[in-house]
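A quick note: this is a predicted structure, and the numbers were derived from the prediction, not measured. In the text below, chain A, chain B and the rest are named by the order of the sequence lines, each starting its count at 1.
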2 protein chains.
Amino acid sequence: MITLTEENYIKAIFHLGKQGSATVSTNALAEAMHTKASSATDMIKKLAEKNYANYKKYQGVSLTAEGKLVALNIIRKHRLWEVFLVDKLNFTWDQVHDVAEQLEHIKSQKLIDELDAFLDFPTHDPHGDPIPDKHGKFEHVEKTSLSNAKEGGSYVCVGVNDSSVDFLKYLDNNDIALGTTIKVLHKEPFDHSIKIAIDGRELMVSQVVGKNLYLKEN
Amino acid sequence: MITLTEENYIKAIFHLGKQGSATVSTNALAEAMHTKASSATDMIKKLAEKNYANYKKYQGVSLTAEGKLVALNIIRKHRLWEVFLVDKLNFTWDQVHDVAEQLEHIKSQKLIDELDAFLDFPTHDPHGDPIPDKHGKFEHVEKTSLSNAKEGGSYVCVGVNDSSVDFLKYLDNNDIALGTTIKVLHKEPFDHSIKIAIDGRELMVSQVVGKNLYLKEN
DNA sequence: ATTTTTATTTAGATAGGTCTAAAAAATAAG
DNA sequence: CTTATTTTTTAGACCTATCTAAATAAAAAT
C-alpha cells in the first residue's frame with residue numbers, strides 16, 4: 001500500500017528532477033514539501049526500500065521506473081480533475097490547484113477511466129500541461145519560456161511554469177490565456193524585461209513573468 | 001482541523017444513533033469502524049474534547065449540534081458524489097460506495113456547491129437516501145421495511161438499508177430498483193419469508209431481504 | 001446480595017510522519 | 001591541503017491512530 005505522503009514525495013521528485021530521471025537533492029525535496037531535510041531523508045529511505053526511488057547516501061534521489069509510473073498516474077489524475085473543474089464546474093484556472101491536489105489521490109481505476117471519457121479524452125489541462133495517457137505516455141510540446149523567445153518572433157502561449165493564484169490572475173488581468181498570440185517586440189538587456197504585443201496592444205513584462213510563461217513558435 | 005479519521009467516526013455515530021441523537025455504545029462504534037473498543041474510547045474522548053460529541057464514561061456517546069452538522073455535511077458530499085458517479089460516469093448503484101467514501105472527504109465549499117448545481121440539485125442518491133441541503137436539512141420519507149409492510153398492501157421501493165454489493169446485485173437480478181412497485185402477497189410466520197409480486201411476477205424473499213428493503217405506501 | 005459475565009476504560013507498545021539537535025560527509029575557501 | 005561552511009544523515013523525541021493485555025465498572029444471573 002502506498003500512502004498519501006509517499007505519493008506526494010514521489011510527485012515532488014518527479015517535478016524537481018526532469019521527469020524523475022535527474023537526481024534531486026535532499027534539501028530541494030524538503031523545501032518543495034515544506035518540511036525539513038531530516039524528514040526528507042527518512043522518506044527517501046522508505047521510497048528506496050519500496051523500490052520507488054534510487055538512493056545512495058549523500059548522492060540525492062531519483063525515481064525508478066516504478067516510481068515514475070506512480071508519478072505519471074498521479075499527474076494524469078490531477079490534470080484530468082483540473083479539466084473537470086474548469087470545464088464542468090465553472091472553476092477558473094487559478095482556483096483548481098488546491099482541490100485537484102486532493103482529488104488526485106482518490107483510488108479507483110474505473111473512476112479515472114470514466115472521467116477521462118466523460119471529458120472527451122482531453123490532452124491538456126487548463127494550464128496547457130499535457131495529460132499522460134493510461135500508460136504514462138504524453139506528447140512533449142517543444143516549448144520555450146518567453147525569456148528565451150527570439151526578439152521579433154511570433155508565438156502562442158502554451159502553458160505556465162508557476163501556477164500560483166497571483167501569477168494566473170496577473171495573466172487574466174492582462175488578457176493572456178492559453179492560445180493567445182504573443183509577439184516579442186523588444187528584450188531589454190538591462191533588467192531583462194520584455195516588451196510584447198497581444199492583439200496589437202503593447203505590454204511591458206518583467207523577467208519573472210518571462211521565465212514563467214511558456215510559448216511555442218507560431 | 002478535523003482529521004479524516006475523526007470524520008469517519010462522527011459519521012458512524014450519526015448512522016448508529018438515529019441522526020446522532022441517540023447514544024451509541026463503545027462496542028457498537030468499534031465494530032462499525034472495524035476497530036477495537038479501546039481505539040473507539042480514545043477517539044470518543046478526542047471528539048468530546050473537540051466538542052463534536054457528548055460523552056460520559058461508561059455511558060456511551062452521542063453527537064453535539066456541531067458534530068451533527070459535520071456528519072450531515074459529509075453525508076451530503078457522499079450522496080452528491082454517488083449521484084455524480086451514477087448519472088455521469090456510468091457507475092452502477094453497487095459500485096459507488098467505496099469511491100464515494102473517499103470523495104466525501106474532499107474539502108472545498110465551491111466544489112460541492114458547483115457539483116450540486118451541475119447535477120441539478122438532486123434530492124436523493126442512487127439508493128433512495130435523501131441528500132441534505134447546505135444547511136443540513138433534508139426531507140424525511142415515511143418509509144417502512146418490507147418486513148413491516150402489511151400483507152395485501154401495495155408499495156413503492158424507496159431505499160435500502162444494506163448497501164453491500166451482494167445485496168444490490170441481488171436486487172438488480174430480481175428487477176427491483178428504486179421506484180419499483182411491490183405488492184405484499186403473503187408473510188410466512190414460520191421463517192418470516194415473504195411472497196411479493198413485481199410487475200405481476202411472484203417472488204419469494206427471505207427475512208434478511210425483508211429487513212433491508214425500504215418501501216413507502218402506494 | 002454476591003458472583004459471574006460483559007462492556008468499557010486504562011496502561012503501555014507500535015508504526016507513520018514529523019521535529020530539533022548533534023554528528024558526519026561533501027564542498028568551498030583560504 | 002587544511003580549515004570553514006554547507007549539506008546530509010542520525011539519534012532521540014512527539015503526535016496520531018492503532019493494538020494487546022490488564023483493570024475497572026456495569027449488567028445479568030444465581
**Q.** A:E7/A:K107 salt bridge by N-O under 4.0 Å criterion
**A.** yes
Q. Does the side chain of B:V160 reach to within under 4.5 Å of the side chain of B:L213, using non-hydrogen atoms?
A. yes
Q) Reckon A:T26 touches a base, only the sugar-phosphate, or nothing at all at heavy-atom distances under 4.0 Å? A) sugar-phosphate
**Q.** Separation of atom CE in B:M43 from atom C1' in C:dT9, rounded to whole Å
**A.** 16 Å
(Q) Taking only side-chain N and O atoms of B:N27, does any of them lie within less than 4.0 angstrom of OP1 or OP2 on C:dT6? (A) no
Q: Would you give the length of the straight line joining atom CG of A:L47 to atom CE of A:M43, rounded to the nearest 0.5 angstrom?
A: 6.0 Å
(Q) Just the rounded figure in Å: distance from P of D:dT8 to CD of A:E31. (A) 12 Å
Q) A:Y55 versus A:T41: any side-chain heavy-atom pair under 4.5 Å? A) yes
Q) Hey, does the side chain of A:Y9 come within less than 4.0 Å of C:dG16's phosphate (OP1/OP2), counting only N and O? A) no
Q.
For B:Y214, is there any backbone N or O sitting under 3.5 Å from a side-chain donor or acceptor partner on B:S145?
A. no
Q) Quick one, which residues of residues 33-40 of chain A touch DNA chain C with a heavy atom under 4.0 Å? A) A:T35, A:K36, A:S38, A:S39
Q) Going by distance alone, is a donor N or O of one side chain under 3.5 Å from an acceptor N or O of the other, for B:S164 and B:D166? A) no
**Q.** Integer-rounded Å distance: D:dT8 P and A:K56 NZ
**A.** 16 Å
Q. What heavy-atom pair brings A:L63 and A:N54 nearest, and what distance separates the two atoms?
A. O-OD1, 3.4 Å
Let me check something: any side-chain donor-acceptor pairs from residues 123-130 of chain A under 3.5 Å, sequence neighbours excluded? List them with distances.
residue: A:D125; atom: OD1; partner: A:H127; partner atom: N; Å: 2.7
residue: A:D125; atom: OD1; partner: A:G128; partner atom: N; Å: 3.0
residue: A:D125; atom: OD1; partner: A:D129; partner atom: N; Å: 3.0
residue: A:H127; atom: ND1; partner: A:E82; partner atom: OE1; Å: 3.1
residue: A:H127; atom: NE2; partner: A:W93; partner atom: O; Å: 2.9

Q. What integer distance in Å separates A:D42:CG from D:dT10:P?
A. 9 Å
Q.
In this structure, how many angstroms lie between the C1' atom of C:dT10 and the NZ atom of B:K45, rounded?
A. 7 Å
Close N/O contacts between protein and nucleotides 24-26 of chain C (under 3.5 Å):
residue: C:dA25; atom: O4'; partner: A:Y58; partner atom: OH; Å: 3.4

Q. When the distance from OH of A:Y55 to P of D:dT8 is rounded to whole Å, what number comes out?
A. 10 Å
**Q.** Spacing of B:I44 atom CD1 relative to C:dT8 atom C1', expressed in whole Å
**A.** 9 Å
(Q) Can you confirm whether A:H192 sits close enough to A:K187 that some side-chain heavy atom of one is under 4.5 Å from a side-chain heavy atom of the other? (A) no
(Q) Distance check needed: D:dT16 P versus B:M1 CE, whole Å only. (A) 14 Å
Q. Which part of the nucleic acid, if any, lies within reach of B:T41 when heavy atoms closer than 4.0 Å are counted: base, sugar-phosphate only, or nothing?
A. base
